[in-house]
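Read the structure below first, then the notes.
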Protein chains: 2
Amino acid sequence: MSVPLYQHVYDTIIARIVDGDLGPGAMLPSETDLGRELGVSQGTARKALIALEQRGILQRRQGRGTFVTTTTPERDHFHFFRLRLADGSEASPELESERVSRRAATEAERALFGEDDVFEIERGRSVAGRVVVREVSSLPVTLFPGLADRAPLPNALYALYQQSYGIAIAEADEQLQAVLASEDDATLMGIDLGTPLIQVRRKAIDISGRVVEQRLSRYLTDALHYAVTLR
Amino acid sequence: MSVPLYQHVYDTIIARIVDGDLGPGAMLPSETDLGRELGVSQGTARKALIALEQRGILQRRQGRGTFVTTTTPERDHFHFFRLRLADGSEASPELESERVSRRAATEAERALFGEDDVFEIERGRSVAGRVVVREVSSLPVTLFPGLADRAPLPNALYALYQQSYGIAIAEADEQLQAVLASEDDATLMGIDLGTPLIQVRRKAIDISGRVVEQRLSRYLTDALHYAVTLR
DNA sequence: GAGTGGTCTAGACCACTCT
DNA sequence: GAGTGGTCTAGACCACTCG
């Protein structure tokens, strides 16, 4: 019993999602059926399902069933976009401008993605009519074939990654620093050169543990703030 | 069964910690004994214990037992202090300066704490010889009697709150904005006026759900960054 | 009413820690 | 070896959802 049985159930479900056997929104077998299929008891299957629910990969509802989480635009924005209004309510960002291109990877990107080319997406986002976000994302081209041809891209990129490429983002690691607005920032946001901004370097990690996107964002935080809870 | 049995176990343990019956580091009864004592099965007691472990309130180790989490300076720093070095490793902050005083609460503090007086702690912290943090904390006086007389306070305040006042911090809500260094910031940190800083407004919440501290911090992030993981 | 997840039990055995 | 948490089972009943 070096590897617990519930771990096997857990890994099996992850594999089925990664392989596309279970797409976004797909319903899983009941606890009893899943246990029978994999040769474990209902309680053991249940333990794996609960762990997957806690990681946000599955959603369970009493009386309905267990489903693969669909990365809706709502979840994408609320969970992975941390800008909030002064009263703590969600800020709904709207897409203001976009530029999608393909270019050679930097050395850091080659090390991160193991590829020579990346797509680069530069976007401006506005809240309440003011441009407050400027972000530049880079993605390995082989994971996202034909991405540039899909422009203009939808507001919520992670929902697109899951719907169109079967890549589900499970985690994002962010590193924040305070910077001064550059000329590009100032032009896009309509602010003075040297306005203080929060710069965020994000690595987005999918459920199989790969880094699938890197993003450099700059947030104007005079009316908004970046909210986070530590537990 | 409107309220599950494991919830009763959960609440009972929280109450014992809040009441001081279970202090930091105290060992709990075994799952079997706890279940017998509270009239539930071992599995039900176990479920409550695991939930408390996931909130960071208990620590469990196979073969040893279940213990009330001690807020060590290490946990305090690593978990509730998010500044990291460029390579992601922990930045160990050292206390550089301190001022403790008692003053009348602001209107916001009165609403938050329900008290008329607060202690105010202003501190500077350094990493690798440079002052990079300036923080001002305020605490309701009745929860922390005699705090001002304890100056100089230890580096890790949350460990002090638990050891000396039985108040265990379980959660911290932070709101981040980018600001420019004021004259006070510049003097303390030895930087130019107008250097960009990350300003953090934190509310610290204990295991019984009370807000027990408010803190306004400013971080110099030229060599460090504020790191956070979204799941 | 059939099917789902949520709670709860009683009992078994394994793996780890400490003395 | 005694005591702890970790895994696993089989079965029961409750609560919710939906046709």
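Lettering follows sequence order; numbering is per chain, from 1.
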List the steps and the verdict of side chain to side chain contact (heavy atoms under 4.5 Å, CB included) for Glu53(B) and Leu49(B).
CA-CA 6 Å; Glu53(B) 182 186 32; Leu49(B) 293 172; over 6 Å; no
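Screening residues 81-90 of chain B for side-chain hydrogen bond (donor to acceptor under 3.5 Å, both in side chains), with sequence neighbours left out, gives Asp87(B)-Ser89(B). Residue pairs meeting the side-chain hydrogen bond (donor to acceptor under 3.5 Å, both in side chains) criterion with at least one partner in residues 123-134 of chain B, sequence neighbours excluded, are Glu96(B)-Ser126(B), Glu98(B)-Arg123(B), Glu122(B)-Arg134(B), Arg125(B)-Glu135(B), Arg125(B)-Asn155(B), Arg130(B)-Asp222(B), Arg134(B)-Asp185(B).
Comparing dT4(C), dG5(D), dT7(D) against the side chain of Pro4(A) picks out dT7(D) as the nearest.
Partners of Glu115(A) according to the salt bridge (charged side-chain N to carboxylate O under 4.0 Å, His left out) rule, which considers only residues two or more places apart in sequence or in another chain, do not exist here. Partners of Gln62(A) by side-chain contact (heavy atoms from CB on, under 4.5 Å), not counting sequence neighbours: none found. Shown here are the salt bridge (charged side-chain N to carboxylate O under 4.0 Å, His left out) partners of Asp206(A), two or more places apart in sequence or in another chain: Arg210(A). Listed by chain and residue number, Phe80(B), Tyr161(B) satisfy the ring pair (Phe, Tyr, Trp, His ring centres under 6.0 Å) test with Tyr158(B) (two or more places apart in sequence, or in another chain). Residues satisfying the ring pair (Phe, Tyr, Trp, His ring centres under 6.0 Å) test with Tyr165(A), not counting sequence neighbours, are Phe144(A). Annotation: side-chain contact (heavy atoms from CB on, under 4.5 Å) contacts of Glu174(A) (sequence neighbours excluded): Leu176(A), Val200(A), Arg202(A), Tyr226(A), Val228(B), Leu230(B). Scored by the side-chain contact (heavy atoms from CB on, under 4.5 Å) test, Ser92(B) finds no partners at all (sequence neighbours excluded).
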Let's test your reading of the pairing rules: Watson-Crick or G-U wobble, both distances under 3.5 Å, then write DNA chain C as a dot-bracket string with ( ), [ ], | and dots.
||||||||||||||||||.
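Side-chain contact, Thr229(A) with Asp173(B): a donor N or O sits under 3.5 Å from an acceptor N or O.
Contacts of Thr32(A) with the nucleic acid, taken as non-hydrogen atoms under 4.0 Å apart, are absent.
For the pair Thr66(A) and dT4(C), the criterion of a side-chain N or O lying under 4.0 Å from OP1 or OP2 is not met.
One atom, CG of Leu34(A), and another, P of dT9(D), lie 12 Å apart when rounded to the nearest Å. The CD atom of Gln7(B) sits 15 Å away from the C1' atom of dC8(C) (whole-angstrom rounding). Residue Leu5(A) contributes atom CG, which lies 15 Å from atom C1' of dA15(C) at whole-angstrom precision. Atoms CG (Leu28(B)) and P (dG5(D)) sit 9 Å apart, rounded to a whole Å. Spacing between atom OH of Tyr6(B) and atom P of dG6(C) amounts to 9 Å, rounded to whole angstrom units.
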Extract from the structure each pairing of a protein N or O with an N or O of nucleotides 16-19 of chain C at less than 3.5 Å, listing the distance.
residue, atom, partner, partner atom, Å
dC16(C), O4', Gln62(B), OE1, 3.1
dC18(C), OP1, Arg64(B), NE, 3.4

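Listed by residue number, Arg46(B), Arg60(B) are the residues of residues 35-60 of chain B with a heavy-atom contact under 4.0 Å to DNA chain D.
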